[in-house]
2 protein chains.
Amino acid sequence: MSKYHTVLNQSGLKATNQRLGILEVLRERGHSAIDDIYQRVKKHHPTISLATVYKNIEVMVERGVLLEVPIAGRKSQYEIKKRDHIHLICLECGSVMDEMIEAIPQERLAQVAQRDDFLLSSSQINLYGICHNCQASI
Amino acid sequence: MSKYHTVLNQSGLKATNQRLGILEVLRERGHSAIDDIYQRVKKHHPTISLATVYKNIEVMVERGVLLEVPIAGRKSQYEIKKRDHIHLICLECGSVMDEMIEAIPQERLAQVAQRDDFLLSSSQINLYGICHNCQASI
DNA sequence: ATCCTTGCAAATGATTTGCAAGAGT
DNA sequence: ACTCTTGCAAATCATTTGCAAGGAT
């Protein structure tokens, strides 16, 4: 019984090969857009349909297994939900890197929200720029 | 010669009524998705086409007149570019509020980027939760 | 055994494109 | 005058839906 098998069942979802395939791709890749996930899962599950990928991404986001990372000027990427972190998004190659969020105290964000009597539920920080690799190659 | 007329010309764009209409809607509303902009501009410019709105949003984002605000689970919204700020996004009604960014020191963000040798160009902070109005009405 | 999930194909929705006519500089 | 921009209609691309067959619990 794999780790993701358990995660899915605990979220009220059946652990189908298609779902496990999507999670395995995201574990390997870190972040991917829907069509990229589809292309990669197909290598192991040639019969999976794009509609199935859409349906599963949707339900897994709903249940909190996955997180959507919306990105300016591109399609959203998806990742397995883990503890909060910052995204460094390369404007050149589109790659997404994670960085731990401790640098930004959560209390600060909570204070900002309180100013407007806003009930904070989650936060999302994206930094846009040029990654190490692309700086070298431009 | 209106303020936006000048902004457009300085960005190398002709100040057409359609563009001024879009900017006027965004000035009034703060943030809007494309179809919402279209519906509102149409009131003053009944002949404007949706394709024109798309083309203009695209070129004005390219030239830095507008900023795209990508939002998890919804369509992107657009706003007139002003100094950096945080977005408070209501999960209930979809409204977007601005808050000044001083609460989050830019140096902190720069430090995080430096850890990965990432050349920072801009940042985007979204806080998701329930706005004051919706807290009252649920 | 039951209910959830899949894959297909069709439907819908969103965005982009090409081009002749019109508007801004 | 020149060039950029518009509006239209068509093309393309992205996403959703309905449903019968198959799979997980």
Side-chain angles (χ1 to χ4, degrees), chain A residues 1-25 32-39 41-63 65-66 68-78 94, chain B residues 1-25 32-39 41-63 65-66 68-78 94:
Chain A
M1 185 101 135
S2 85
K3 176 183 167 189
Y4 292 132
H5 193 122
T6 312
V7 168
L8 287 168
N9 285 173
Q10 287 176 350
S11 305
L13 298 172
K14 290 185 178 169
T16 64
N17 286 329
Q18 290 85 340
R19 283 174 187 156
L20 293 170
I22 291 170
L23 290 170
E24 181 54 20
V25 165
S32 290
I34 289 196
D35 197 67
D36 183 50
I37 295 170
Y38 172 56
Q39 298 302 335
V41 175
K42 249 202 317 198
K43 291 177 186 165
H44 294 273
H45 282 274
T47 66
I48 196 174
S49 74
L50 183 54
T52 295
V53 176
Y54 271 102
K55 286 171 191 168
N56 280 325
I57 295 287
E58 183 185 35
V59 72
M60 288 193 280
V61 167
E62 264 172 38
R63 305 298 174 92
V65 177
L66 299 184
E68 177 183 354
V69 185
I71 299 177
R74 302 181 190 260
K75 301 229 193 83
S76 284
Q77 300 208 7
Y78 297 85
Chain B
M1 182 99 133
S2 85
K3 176 183 167 191
Y4 292 133
H5 193 121
T6 311
V7 168
L8 286 168
N9 285 173
Q10 287 177 347
S11 306
L13 298 172
K14 291 185 177 171
T16 63
N17 287 329
Q18 291 85 338
R19 284 175 186 156
L20 293 169
I22 291 171
L23 289 170
E24 181 55 20
V25 165
S32 289
I34 289 196
D35 197 67
D36 183 52
I37 296 170
Y38 172 57
Q39 299 301 333
V41 175
K42 249 200 318 196
K43 290 176 186 163
H44 295 271
H45 282 274
T47 67
I48 196 175
S49 74
L50 183 53
T52 295
V53 176
Y54 271 101
K55 288 171 189 168
N56 281 325
I57 296 287
E58 183 185 34
V59 71
M60 288 194 281
V61 168
E62 264 172 37
R63 305 297 174 94
V65 177
L66 299 184
E68 177 184 353
V69 185
I71 300 178
R74 302 181 189 262
K75 301 228 193 85
S76 284
Q77 299 207 183
Y78 297 85

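Just so we're on the same page: letters track the sequence lines, and every chain starts at 1.
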Using every non-hydrogen atom in the two residues, find where B:Ile48 and B:Tyr38 come nearest and quote the distance to one decimal.
O-CE1, 3.4 Å
Taken to the nearest whole Å, NZ/B:Lys42 to P/D:dC8 is 11 Å
Indicate the atoms forming the closest heavy-atom contact of B:Ala15 with B:Leu8, along with that distance.
CA-CD1, 3.8 Å
Looking only at heavy atoms, which two atoms of B:Ser11 and B:Val65 are closest? And how far apart?
OG-CG2, 3.4 Å
In this structure, how many angstroms lie between the C1' atom of D:dT6 and the NE2 atom of B:His44, rounded?
19 Å
Under-3.5 Å N/O pairs linking protein and nucleotides 18-21 of chain C:
residue, atom, partner, partner atom, Å
C:dG18, O6, B:Lys55, NZ, 3.1

May I ask you to say what A:Asp35 touches in the nucleic acid, namely base, sugar-phosphate or nothing, with a heavy-atom cut-off under 4.0 Å?
nothing
Taking 4.0 Å as the cut-off, does a side-chain nitrogen or oxygen of A:Gln18 come that near to OP1 or OP2 on C:dG7?
yes
Can you tell me the distance, in whole Å, between the OH atom of A:Tyr54 and the P atom of C:dT12?
18 Å
Grab the N/O contacts between the protein and nucleotides 22-25 of chain D below 3.5 Å, and write none if there aren't any.
residue, atom, partner, partner atom, Å
D:dG23, N2, A:Lys14, NZ, 3.2
D:dA24, N3, A:Lys14, NZ, 3.3
D:dT25, OP1, A:His5, NE2, 3.2
D:dT25, OP1, A:Asn9, OD1, 3.4
D:dT25, OP1, A:Asn9, ND2, 3.2

Given atom CD1 of A:Ile34 and atom C1' of D:dC13, what is their separation to the nearest angstrom?
14 Å
Return no unless some side-chain N or O of A:Ser49 is found under 4.0 Å from OP1 or OP2 of C:dT6.
no
B:Glu68 side-chain N/O to A:Gly73 backbone N/O, donor-acceptor pair under 3.5 Å:
yes
For A:Ile22 and A:Val53 the tightest heavy-atom approach is CD1-CA, 4.2 Å
B:Leu20 to B:His5 - nearest heavy-atom pair and separation
CD2-N, 3.8 Å
Starting at CG of A:Asp36 and ending at C1' of D:dC13, how long is that distance when rounded to a whole Å?
17 Å
Please find the pair of heavy atoms, one from B:Pro70 and one from A:Ala72, that lie closest to each other, and give the distance.
CG-N, 3.4 Å
What is the distance from CZ of A:Arg19 to P of C:dG7, rounded to the nearest Å?
11 Å
Expressed as a whole number of angstroms, how long is the span from B:Leu8:CG to C:dT25:C1'?
13 Å
Under the salt bridge (charged side-chain N to carboxylate O under 4.0 Å, His left out) rule, what pairs show up with a residue in residues 15-25 of chain B, not counting sequence neighbours?
B:Glu24-B:Arg27
Quick one: which of A:Val41, A:Leu66, A:Ile37, A:Asn56 gives a side chain to side chain contact (heavy atoms under 4.5 Å, CB included) with A:Leu23?
A:Leu66
Starting at atom CD1 of B:Ile22, determine the distance to atom C1' of D:dT6, rounded to an integer number of angstrom.
11 Å
